[in-house]
Protein chains: 2
Amino acid sequence: MAIIVDKEEKRRLIALSCKGLLLENGIKNITVAQIAKAANIGKGTIYEYFANKDEIVFEIIMLFVEQIQDDLLIAINNNNTLSCREKMEYFMMLVFSEAYKKEFSIYKEFLSIALCSATPDTVAFRVNCHNSFEVILETIINQGIENDELHQNAIAMIPMIRYFHTGLIVDVSIGRVNAHMEIGSFINSIFGNIIYGENR
Amino acid sequence: MAIIVDKEEKRRLIALSCKGLLLENGIKNITVAQIAKAANIGKGTIYEYFANKDEIVFEIIMLFVEQIQDDLLIAINNNNTLSCREKMEYFMMLVFSEAYKKEFSIYKEFLSIALCSATPDTVAFRVNCHNSFEVILETIINQGIENDELHQNAIAMIPMIRYFHTGLIVDVSIGRVNAHMEIGSFINSIFGNIIYGENR
DNA sequence: AATAATTGACTGACGGTCGGTCAAGTAAAG
DNA sequence: CTTTACTTGACCGACCGTCAGTCAATTATT
């Protein structure tokens, strides 16, 4: 028997080595040849570890998701000066922030691809992303319920919050919308004092 | 002098003649060659009227969506026996209904194109879609306020409702989500008895 | 010797381009 | 009024460049 490489590990390595490439050029503008070069392997080798180009992109996006998750977790757990409300705002604004501008743009492209070719793999990947975020949202909301910032049943609003957020991502990309303002209004309505849209 | 064709008219004609093709296969699975064949013109001629493939699809979509908007308005007005709550549910569900399957699919394709090429045209068009949506929603909500089904400030929730709806369109397309159930829960939460997600 | 891993030349499909043809219109000449 | 020469824009499809994905050949490991 020859060496058996850890496929999962190698996938990650390939993804890591072309993360920058993707951020810089976008999904549509990178080629598999470029990816192979950046990873210092032959193009054929790529296909030993990924079924197709989309899979590579997913793997890289997963890296971004993990990074954002870490960012969020730190903000939520190590920052007890923040109220639940502030944490929620931070949570919802993060992807729209300047710091994640490039990642946002890639995610947008991902949505675009997924919308017109929703293969089982794509769907599974997206559901996976959701779940990661819902876990964090749940933590925030539970904290809010504990210290009476939120009503018990706020936990049931998680999917609705996610739909809102997805819709906002779309509209910030396509429409003429200010994410910060919309999120502010939304959070106000969630936290009781419904002044949503007051200053539109 | 040679003949001068009405470019705008011809664009429409080309778009119309490959409407079925788009509905049947989706943008990703049709080729420009196919479009040309369906329109009974040469491939090169296509590019006399459109800058690229996306533009063709966009033209088709514009034709479609205009019609959908009219339909929606009529559908809402023809159902005056319904309560505000029922109207709202009806309105939000409409695009997810079996009857609007094709239209839903087209709108999905539009979102896909717009997400990765937000030209002034696409943005303007989408803003236009928003406005139509909001106008209809406003009518429904005003009725609800009049007959005490809804609180005054419900009108301020219109943008939020729209984001929710857009997010739902995306998630129904890419995720594993039941539109009817989510809309039911959402409407419950809007109309006061927050049992959102009760039976998820 | 056997098997795993790697590779880059190759292929087929597709979006977009370009040189060229043609029908319809104009105008000068007869 | 015809005829002939000329102009123009619509139309075309062969061709081009690009790129995702394949595969036969090669190298590395045990």
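Values reported hereafter were calculated over all heavy atoms of this structure, with side chains retained and with hydrogens, waters and symmetry mates removed. All values reported here derive from a predicted model rather than from experimental measurement. Throughout, protein chains are lettered first and strands after them, A, B, ... in sequence-line order, and every chain is numbered starting at 1.
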Nearest-nucleotide wise, let me know which of N29(A) and G44(A) is further upstream toward the 5' end of DNA chain D.
-> N29(A)
Enter the distance from Y163(B):OH to I183(A):CD1 here, rounded to the nearest 0.5 Å.
-> 9.5 Å
Start at the 5' end of DNA chain D and walk down; is the nucleotide closest to K53(A) or to T45(B) reached first?
-> T45(B)
Base, sugar-phosphate alone, or nothing: which one does I35(B) contact when heavy atoms must sit under 4.0 Å apart?
-> nothing
Polar side chain donor-acceptor pair, N153(A) to H151(A), under 3.5 angstrom | yes
Using a heavy-atom cut-off of under 4.0 Å over every strand shown, decide if K7(B) touches base, sugar-phosphate, or nothing.
-> sugar-phosphate
Please evaluate the base of dG15(C) for a donor-acceptor partner in the side chain of K43(B) within a cut-off of under 3.5 Å?
-> yes
Would you mind reading off the distance between I113(A) atom CD1 and dA20(D) atom C1', rounded to a whole angstrom?
-> 13 Å
Rounded to the nearest 0.5 angstrom, the CE-OG distance for M93(A) and S97(A) is 6.5 Å
Among dT6(C), dG21(D), dA20(D), the nucleotide that comes nearest once only the side chain of N52(A) is considered | dG21(D)
Nucleotide dC14(C), atom P - distance to CD1 of I30(B) in whole Å = 12 Å
Hey, does K37(A) reach any base, or is it just sugar-phosphate, or nothing, if we go heavy atoms under 4.0 Å?
-> nothing
Using atom CD of Q34(A) as one end and atom C1' of dT18(D) as the other, report the distance to the nearest whole Å.
-> 12 Å
Modelled atom types, side-chain donor and acceptor of Y100(A) and D71(A), under 3.5 Å = yes
Whole-Å distance between dG13(D) P and E48(B) CD?
-> 14 Å
Using a cut-off of less than 4.0 Å, is there contact between a side-chain N or O of Y49(B) and OP1 or OP2 of dC11(D)?
-> yes
Under 4.0 Å between any heavy atoms, over every strand shown, what does I41(B) touch: base, sugar-phosphate, or nothing? Just pick one.
-> sugar-phosphate
Hey, does I56(A) reach any base, or is it just sugar-phosphate, or nothing, if we go heavy atoms under 4.0 Å?
-> nothing
dG19(C) P sits how many Å from Y47(B) OH, rounded?
-> 18 Å
How long is the line joining CD1 of I46(A) and P of dT7(C), in whole Å?
-> 10 Å
List in chain and number order the residues that pass side-chain hydrogen bond (donor to acceptor under 3.5 Å, both in side chains) with E59(A), two or more places apart in sequence or in another chain; answer none if no residue qualifies.
-> R11(A)
